[in-house]
Structure formats: C-alpha cells, structure tokens
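Read the structure below first, then the notes.
The shown structure was predicted, so the numbers you read here are calculated from the model rather than taken from an experiment.
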Amino acid sequence: MAHDPGTVRPQPQPSSCGDISPSPNINPKDKDPEHAVPAPPIEDYPLSRIEQVYRRLDARILPAFWTLYFLASAIRSNIGIAQTMNRSDAHDLASVLHLSPRDTSTALALFYVSYVLFDLPSNLAMSALSPRAWMARIVIAVGVVGTCFAAVEQAWSLKLLRFLLGMVTAGMWPGMAYYLTLFYPPSRTGKRIGMYYTAAQVSAAVVGLVSAGFQKMDGIGGIVGFRWMFLVYGVVTIAVGVSLLWWLPERPLAPGEKREERRWWLRWLPRSPEALRGEDAVVHYHDLRRVYHARRWTLRDLELVLMDWRLWPLVLMYFGVVGVGIGTQLYGNVIISAINPNFTGIEISLLFAPIWMMDLLAILLITPISDRFHRHRALFFSCSVLIQITGLLTVTFALSNHWARYGGLLLVGFGLGPTVPITMAWTSEIFQRRHREVGVAAASALVSGLGNLGSVTTTYALYTGWPEDAAKGPHQFRKSNLTMIGILCMSITSSVVMVVLLRVFGNEPSKRINSGTSSTVDTDDEYQDGAARREVHQRGFEGLWWWSKN
C-alpha cells in the first residue's frame with residue numbers, strides 16, 4: 001500500500017504467509033526470537049494509512065455487531081409491542097395470559113434485575129476467556145430464551161423467562177464496548193458504538209412495522225400473532241449466534257506471533273480468520289501497541305477500578321438516559337395510544353417506528369462529531385439530554401394538539417440517540433487510560449449494569465406500573481413523564497460534575513498501577529503508542545473534504 005506523498009521510510013514487508021519478515025530493527029521490549037516484532041518507525045504512519053486499517057476492521061466487526069444487536073434488541077422489546085397486538089380480538093399479551101398491569105410491569109423489570117446482577121461477571125469472563133466465543137454464547141442463549149417466549153401460558157412463566165433473558169443478555173452491551181477497545185483507540189469508539197447502536201433504533205422501528213404483519217398472521221396454525229413474532233425472532237437469533245463463531249475475529253496478535261494451543265475445552269471452537277494480516281497488522285500494532293501488551297488482571301486490579309470515583313458520575317449519567325430510553329421503547333406505543341385513543345393497533349405500530357428513525361438520525365449525525373471533539377463529550381451529552389427534556393415537556397403539556405404531543409415523542413427519540421454511545425465511549429476513554437484493559441471491562445459493565453437500574457424505575461414504578469398515574473384522561477402518565485425529566489436533569493448534573501472533577505484531579509494512569517502494586521504494570525513509553533500520542537490533540541474537522549476546501 002502506498003503512503004501519503006512526501007512520507008518516505010522503509011517499511012517491513014509481509015511474507016507470503018502473512019507474517020512479517022525478520023528485521024534487524026527490533027523493539028528491545030520484544031526480544032523474543034520466535035516473535036520478533038519490527039520496532040515502530042521514527043515517524044508515525046500517515047493518518048490516511050491508519051484510517052485504511054480501521055476501515056478494514058469496520059468491515060469485519062461492525063456488520064456482525066449490528067446484526068446481533070438488532071436481533072437481541074428485537075427480542076428484548078417484543079414484549080412491549082405484544083401488549084397492543086390484536087387487542088380488538090383479545091389476542092394481545094395481557095388478554096391471552098390474563099395479566100394485570102402489575103404483572104406486566106414486574107415482568108418488564110425482572111429483565112433488568114438479572115441484567116444488573118450478571119453484567120459485571122459476564123464482562124469479566126469475556127475479558128478472561130475468548131471474547132469471540134463469549135459473545136456468540138450470549139447471542140445463542142438470547143435466541144433460545146427468546147424462542148421459549150412463544151410457549152408462555154401464565155404470568156409466572158413470562159416473569160421467569162424475562163429474568164432468564166436478562167441473565168443471558170447480561171454482558172452483551174458492555175462486552176461489545178470492551179471488544180471494540182481491543183481493536184480501536186478510545187477516541188474512535190464513540191462513532192463505532194453509535195454505528196451498531198443504530199441497530200436498536202432500527203430494530204424498534206422494524207419491530208413496530210413488522211408487528212403489523214404478525215398481527216395479520218393471528219390465528220394461523222392456531223397460534224396468536226405475538227407467539228409467531230417471538231418464535232421467528234428467536235430462531236433467527238440462534239442461527240446468527242452460531243455464525244458468529246466464524247464471523248468475529250479473536251483479539252489481535254502482534255505480527256509474527258502465533259496463537260497458543262487452545263485448552264481442551266475450547267478445541268471444539270472453529271478457527272476464525274485473523275482480523276488483520278501483513279502490513280495492516282504492523283500498522284495496527286504500532287498505532288495501538290497498548291492492546292498487544294495487556295497483562296492478566298487480578299482481583300487487586302478490579303478493586304482499584306471499583307474504588308475509582310470516576311465510575312459513579314458515569315453510572316448516574318447512564319441511569320437517566322437509559323431509563324428514559326427503555327421507558328420510551330417499552331411504553332412508547334402505550335403513550336401514543338393515550339395521546340389519541342382512537343388510533344388502531346396497526347396505526348400505533350406505524351407511528352411508533354418514526355421515533356426510532358429520529359433516534360438513528362441523531363446517532364449518525366452527532367456521534368462522529370463527538371469523536372472528533374472527544375474532549376467535549378459532556379457537552380454533546382448534555383445538549384442531547386436537553387432535547388429529550390423538551391420533548392417530554394411537549395408530550396406532557398401540549399394537551400390541545402395530539403400531533404404536537406406526538407412530535408414531542410420524536411424529539412425524545414432524537415435526543416436519546418447519541419447519549420448512550422457517548423456515555424460508553426467516555427467510559428472506555430477514561431478507564432483505559434486509568435486502569436487499562438480490566439478498567440474498560442469492569443467499568444463498562446458497571447456503568448451498563450448499575451445504570452440499567454434506571455430501566456427498572458421506568459418499567460416497574462412508572463407508566464402502567466404506577467396505577468394512580470395510568471388513569472385514563474388527558475393527564476395520563478403526566479407524573480411519569482415529569483419523573484423522567486427529573487432523572488434526566490440528574491444525568492446532566494452528573495456530566496457537569498464529572499467535567500469539574502476531571503479538571504481538578506485529572507485522569508492520569510493510576511499511580512498504584514505504575515508503582516508495581518498491580519499486575520498491570522505499564523510504562524509511560526509503552527502506553528504512548530501512535531494513537532495515544534494523537535489523542536493528546538483533537539482531530540476536530542481536520543481531514544473532512546468540506547473543511548479542507550475552506
């Protein structure tokens with residue numbers, strides 16, 4: 001591959017098998033005759049060459065993540081759509097299973113209870129084992145449990161399956177964020193998280209649209225429409241989970257290094273092609289060297305992460321936005337029905353979809369910019385949350401205009417989109433620098449897990465779970481909406497506090513790590529790979545075609 005004009009230097013040449021030919025210029029830290037790695041060149045690689053490598057990684061990883069997250073989100077949110085499917089024929093979820101509003105809200109909340117309990121253990125297992133195999137395990141298990149929803153007959157079985165679904169799903173979302181840090185520097189993760197997070201928005205929209213088709217299948221083979229929906233999504237998800245064993249790459253190896261022989265209980269796994277080969281692997285090694293020299297973590301490392309105050313403002317940020325997001329996802333169709341009781345079930349499904357298309361649009365617009373200005377993630381986060389608050393106020397108080405209230409839901413969707421990816425990207429950015437790999441694995445799991453207590457709040461305590469607030473009339477759900485506005489204000493406050501504290505105390509690598517009291521001893525020189533040196537400065541709009549012409 002040719003480099004940018006004006007940049008000339010000798011480059012290691014790949015051999016025919018994809019490994020790097022021996023070079024006399026060997027990094028002294030890697031003096032291993034079997035795995036000799038060429039030392040970094042005096043100058044960094046051209047940015048265009050580095051971008052090319054990351055685009056190749058995108059093509060390998062992001063379609064897989066998008067597909068699995070689409071299906072997992074569909075299975076998780078199908079229960080919300082099932083509440084209004086074929087209601088006129090008494091074939092909706094509540095009528096068939098004889099559910100009370102409290103049964104429904106309890107079932108919805110149990111997912112997040114188990115999710116919170118198992119999120120951290122799942123992510124730590126992923127970091128210690130094979131990330132590829134663990135991710136496939138999660139998706140297969142989600143498909144199996146999702147298929148079982150087609151057979152529910154009573155309230156207790158619905159609650160049990162929701163709890164099991166949360167248990168097997170735990171670790172997927174933070175695990176995906178952790179997996180990205182094995183291949184990308186923190187300042188490039190927000191855009192990628194946003195790209196596959198759009199699957200949740202497309203899923204919410206498609207589930208709403210496709211549910212209209214499943215409603216037409218009601219009664220075929222003696223099976224009600226929502227059971228067909230659970231069955232089809234579950235079977236497809238199992239198939240995708242199995243394919244991930246061949247699709248996703250393992251964590252990267254330094255050029256010339258061979259993978260160790262797998263333990264006997266992992267030998268059944270199929271081999272996955274390496275993510276990068278030849279010169280691409282060399283470029284990636286020099287740009288993200290910290291990933292290739294990660295040490296095994298210990299309980300002491302985990303303790304240091306749990307004691308770090310930087311964790312808790314991020315948890316509160318996530319608590320608010322994910323609570324509002326899940327509340328909108330699971331009760332959006334119920335809110336639309338309350339706005340205009342004359343809407344039919346199919347009309348509600350069709351109006352539900354644009355909320356998530358607005359969400360998707362905001363992700364595509366804002367997350368790439370938040371990466372380019374990665375030192376101002378709190379600003380992008382707070383502005384997005386303010387848009388959500390504006391939308392909720394419109395839904396709550398614009399009582400004289402049904403379409404204005406619906407427009408408020410569209411604003412909620414637009415403001416919601418970037419907030420979750422920005423929070424997860426900021427978490428990875430802070431904790432990779434501070435605590436390295438175990439910091440990303442543990443912090444992303446705790447932010448996701450504990451933050452999802454916000455989902456418990458909106459699914460169990462608000463909307464139909466709050467009987468006094470669910471009374472029919474123009475003021476239905478007003479208290480629930482105002483409660484969501486309150487927790488969003490808490491999220492903004494937490495982001496501001498985080499910025500202030502980081503300015504006061506900084507975010508340098510933990511002294512306990514560098515002093516050798518931890519198993520993850522790193523030197524400043526090792527940490528300062530090509531990506532880390534570039535992250536000292538923001539990219540801004542530099543490199544964009546429309547900016548370069550001005």
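For the residue pair Ser382 and Ser495, a side-chain donor N or O sits within less than 3.5 Å of a side-chain acceptor on the partner. Between Ser130 and Arg137, the side chains place no donor N or O within less than 3.5 Å of an acceptor N or O (distance only, hydrogens not considered). Side-chain contact, Arg55 with Gln52: no donor N or O sits under 3.5 Å from an acceptor N or O.
Residues forming a salt bridge (Lys or Arg N to Asp or Glu O under 4.0 Å) with Arg310 (at least two apart in sequence, or on another chain): Asp308. With sequence neighbours excluded, the residues that form a ring-ring contact (aromatic ring centres under 6.0 Å, His included) with Tyr179 are Phe65, Phe183. Partners of Ser491 according to the side-chain contact (heavy atoms from CB on, under 4.5 Å) rule, which considers only residues two or more places apart in sequence or in another chain, are Val321, Phe381. In this structure Trp66 satisfies the ring-ring contact (aromatic ring centres under 6.0 Å, His included) test together with Phe70, sequence neighbours excluded. With sequence neighbours excluded, the residues satisfying side chain to side chain donor-acceptor pair (under 3.5 Å) with Tyr115 are Ser448. The side-chain contact (heavy atoms from CB on, under 4.5 Å) search around Val315 returns Leu311, Trp312, Val447, Leu450, not counting sequence neighbours. For Tyr184, the ring-ring contact (aromatic ring centres under 6.0 Å, His included) partners are Tyr54, not counting sequence neighbours. Residues meeting the salt bridge (Lys or Arg N to Asp or Glu O under 4.0 Å) test with Arg76, sequence neighbours left out: none. Qualifying side-chain contact (heavy atoms from CB on, under 4.5 Å) partners for Met358, counting only residues two or more places apart in sequence or in other chains: Leu410, Phe414. Shown here are the side chain to side chain donor-acceptor pair (under 3.5 Å) partners of Trp228, two or more places apart in sequence or in another chain: there are none. For Pro313, the side-chain contact (heavy atoms from CB on, under 4.5 Å) partners two or more places apart in sequence, or in a different chain, are Met498.
Summarising the geometry, atom CH2 belonging to Trp426 is positioned 14.0 Å from atom CD1 belonging to Ile193; distances are rounded to the nearest 0.5 Å. Atom-to-atom distance recorded for Leu364:CG and Ile369:CD1 is 11.5 Å, nearest 0.5 angstrom. Here Ile61 contributes atom CD1 and Met195 contributes atom CE; the two are 11.5 Å apart, rounded to the nearest 0.5 Å. Note: Ile422 CD1 to Arg377 CZ = 7.5 Å, rounded to the nearest 0.5 Å. Atoms OG and CG, from Ser73 and Leu68 in turn, are 9.0 Å apart once rounded to the nearest 0.5 Å. Rounding to the nearest 0.5 angstrom, the gap separating the CG atom in Asp58 from the CZ atom in Arg192 is 4.0 Å.
With contacts defined as side-chain heavy-atom distances shorter than 4.5 Å, the pair Tyr197/Thr367 does not qualify. Here the side chains of Leu306 and Leu446 are in contact, with some heavy-atom distance below 4.5 Å. Looking at heavy atoms from C-beta onward, Thr169 lies in side-chain contact with Phe111 at the 4.5 angstrom threshold. Side-chain atoms of Leu314 and Met317, non-hydrogen and from C-beta on, do get closer than 4.5 Å to each other. Between Leu180 and Tyr196 the shortest side-chain heavy-atom distance falls below 4.5 Å. Looking at heavy atoms from C-beta onward, Leu245 lies in side-chain contact with Arg132 at the 4.5 angstrom threshold. Side-chain contact between Ile355 and Val412 is absent, with no heavy-atom pair separated by less than 4.5 Å. Side-chain contact between Ser272 and Leu248: absent, with no pair of heavy atoms (C-beta onward) separated by less than 4.5 Å.
Using a 30° and 60° split on the angle between ring planes, His376 and Phe373 fall in the tilted class, from 30° to 60°. Taking the six-membered ring where the residue is Trp, Phe214 and Tyr233 present tilted rings, their angle falling between 30° and 60°.
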Query raised in the report: Yes or no on side chain to side chain contact (heavy atoms under 4.5 Å, CB included) for Leu164 and Val168, after CA distance, side-chain angles and deciding distance?
Result: CA-CA 6 Å; Leu164 291 177; Val168 299; 5.6 Å; no
Query - Candidate pair Arg375 and Glu429, rule salt bridge (charged side-chain N to carboxylate O under 4.0 Å, His left out), full reasoning - result: CA-CA 10 Å; Arg375 295 185 180 277; Glu429 199 165 22; over 6 Å; no
Query raised in the report: Which is it for Met229 and Ile79 under the side chain to side chain contact (heavy atoms under 4.5 Å, CB included) test, yes or no, and what are the steps along the way?
Result: CA-CA 10 Å; Met229 180 174 64; Ile79 188 172; over 6 Å; no
Query - Intermediate values then yes/no, side chain to side chain contact (heavy atoms under 4.5 Å, CB included), Val385 and Thr419 - result: CA-CA 7 Å; Val385 174; Thr419 54; 3.8 Å; yes
Query raised in the report: Does the side chain to side chain donor-acceptor pair (under 3.5 Å) test come out yes or no for Trp356 and Ser203, once each step is laid out?
Result: CA-CA 8 Å; Trp356 306 106; Ser203 174; over 6 Å; no
Query raised in the report: Taking it one step at a time, do Met357 and Leu361 satisfy side chain to side chain contact (heavy atoms under 4.5 Å, CB included)?
Result: CA-CA 6 Å; Met357 301 311 295; Leu361 177 64; over 6 Å; no
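Across all their heavy atoms, Ser243 and Val240 have their closest contact at OG-O, 2.7 Å. Contact record, Val139 with Gly241: CG1-CA, 3.6 Å, taken as the closest heavy-atom pair. For Cys148 against Leu161, the heavy-atom pair with the smallest separation is O-CD1, 3.6 Å. The nearest pair of heavy atoms linking Ala378 to Val499 is CB-CG2, 3.3 Å. Of all non-hydrogen atoms in Thr189 and Ala425, the two that sit nearest each other are OG1-CB, 3.8 Å. For the residue pair Gly325 and Leu416, the shortest heavy atom distance occurs at CA-CD2, 3.4 Å.
With Ser114 contributing its side chain and Met167 its backbone, the two residues share a donor-acceptor pair below 3.5 Å. A donor-acceptor pair under 3.5 Å is absent between the side-chain atoms of Arg434 and the main chain of Val305, judged by distance alone. At least one donor-acceptor pair under 3.5 Å links the side chain of Asp371 to the backbone N or O of Gly190. Listed for the Ser122 side chain is no donor-acceptor partner under 3.5 Å among the backbone atoms of Asp119.
For the side-chain hydrogen bond (donor to acceptor under 3.5 Å, both in side chains) criterion with Ser444, the lone passing option out of Thr427, Asn123, Thr181 is Asn123. A side chain to side chain contact (heavy atoms under 4.5 Å, CB included) with Pro252 is found for exactly one of Leu288, Leu276, Leu182, namely Leu182.
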Under 3.5 Å, side-chain donor or acceptor atoms of residues 170-178 against the rest of the protein: list the pairs with distances, not counting sequence neighbours.
{"from": "Trp173", "atom 1": "NE1", "to": "Tyr318", "atom 2": "OH", "distance (Å)": "2.8"}
{"from": "Tyr178", "atom 1": "OH", "to": "Arg251", "atom 2": "NH2", "distance (Å)": "3.1"}
{"from": "Tyr178", "atom 1": "OH", "to": "Glu437", "atom 2": "OE2", "distance (Å)": "2.7"}

